Amino acid sequence: MVNVGLLIIRLVVGILFIGHGAQKLFGWFGGYGLKGTGGWFESIGMKPGVTMALLAGLAELVGGVLFTLGLLTPLAGIIIAGTMVMAIVKVHAPNGLWATANGYEYNLTVLAVVIGIALIGPGQYALDAFLF
């Protein structure tokens, strides 16, 4: 059952990050695409905005795909964790912990999950288990 639990966690978190990356890169799922996200990044001091949006979107998309597949899982965890640290530092930390005040509660939870999975492994239903 542990392996099924790890699979569920990887699928939910990984697919959501694929979606977040697609929002930034392509404007899918209600996102603003590179230009819109880049403009917002510029407004919070992340310059050049479009380049930073591209890097963030690629990190979320690639990290999400790797995490979902359980492929190079420690690397996937580090990639996703990096995006969460940036989100905390650049956006959510000044608002405190709770998500109801746009705080970093969600980001911290994701950070704990991806680092936890990176440390314990993705389970037997992962490409890592077949390849390594």
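Since we're looking at a predicted model, the values are computed, not measured.
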Indicate, with yes or no, if [Y] and [X] share a hydrophobic cluster defined by side-chain heavy-atom contacts under 4.5 Å among Ile, Leu, Val, Met, Phe, Trp and Tyr.
X: I117; Y: F132; answer: no
X: I18; Y: V114; answer: no
X: L131; Y: V62; answer: yes
X: V2; Y: L127; answer: no
X: L61; Y: I80; answer: no

Original post:
What ring-ring contact (aromatic ring centres under 6.0 Å, His included) pairs are there with at least one residue in residues 4-27, not counting sequence neighbours?
Top reply: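 Found F17-H20, F26-W28.
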Please tabulate, one pair per line, all N/O donor-acceptor pairs under 3.5 Å involving side-chain atoms of residues 33-59, not counting sequence neighbours.
unit_1	atom_1	unit_2	atom_2	d
T37	OG1	G33	O	2.8
E42	OE2	G49	N	2.7
S43	OG	W40	O	2.6

Selection [range] - residue pairs positive for salt bridge (charged side-chain N to carboxylate O under 4.0 Å, His left out), sequence neighbours left out:
range: residues 63-85; value: none
range: residues 53-82; value: K24-E60
range: residues 86-103; value: none

**OP:** State which residues pass side chain to side chain contact (heavy atoms under 4.5 Å, CB included) with A126; sequence neighbours excluded, sorted by chain then number.
**Re:**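 Counting only residues at least two positions away or on another chain, A126 forms a side chain to side chain contact (heavy atoms under 4.5 Å, CB included) with R10, P122.
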Subject >> All side chain to side chain contact (heavy atoms under 4.5 Å, CB included) counterparts of I115, not counting sequence neighbours >> reply: A81, L111, L119
May I have the list of side-chain donor-acceptor pairs in residues 64-78 shorter than 3.5 Å, sequence neighbours left out?
unit_1	atom_1	unit_2	atom_2	d
T68	OG1	I15	N	3.3
T68	OG1	G64	O	2.7
T73	OG1	G70	O	3.4
T73	OG1	D128	OD2	2.7

Subject >> For Q124, all residues meeting side chain to side chain donor-acceptor pair (under 3.5 Å), sequence neighbours excluded >> reply: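 Result, side chain to side chain donor-acceptor pair (under 3.5 Å) vs Q124: N3.
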Subject >> Partner set under side chain to side chain donor-acceptor pair (under 3.5 Å) for N107, not counting sequence neighbours >> reply: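 Here no residue qualifies.
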May I have the list of side-chain donor-acceptor pairs in residues 95-104 shorter than 3.5 Å, sequence neighbours left out?
unit_1	atom_1	unit_2	atom_2	d
N95	ND2	V91	O	3.4
N95	ND2	N102	O	3.0
N102	OD1	H92	ND1	3.3

Subject >> Which residues share a ring pair (Phe, Tyr, Trp, His ring centres under 6.0 Å) with Y106, sequence neighbours left out >> reply: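 Here no residue qualifies.
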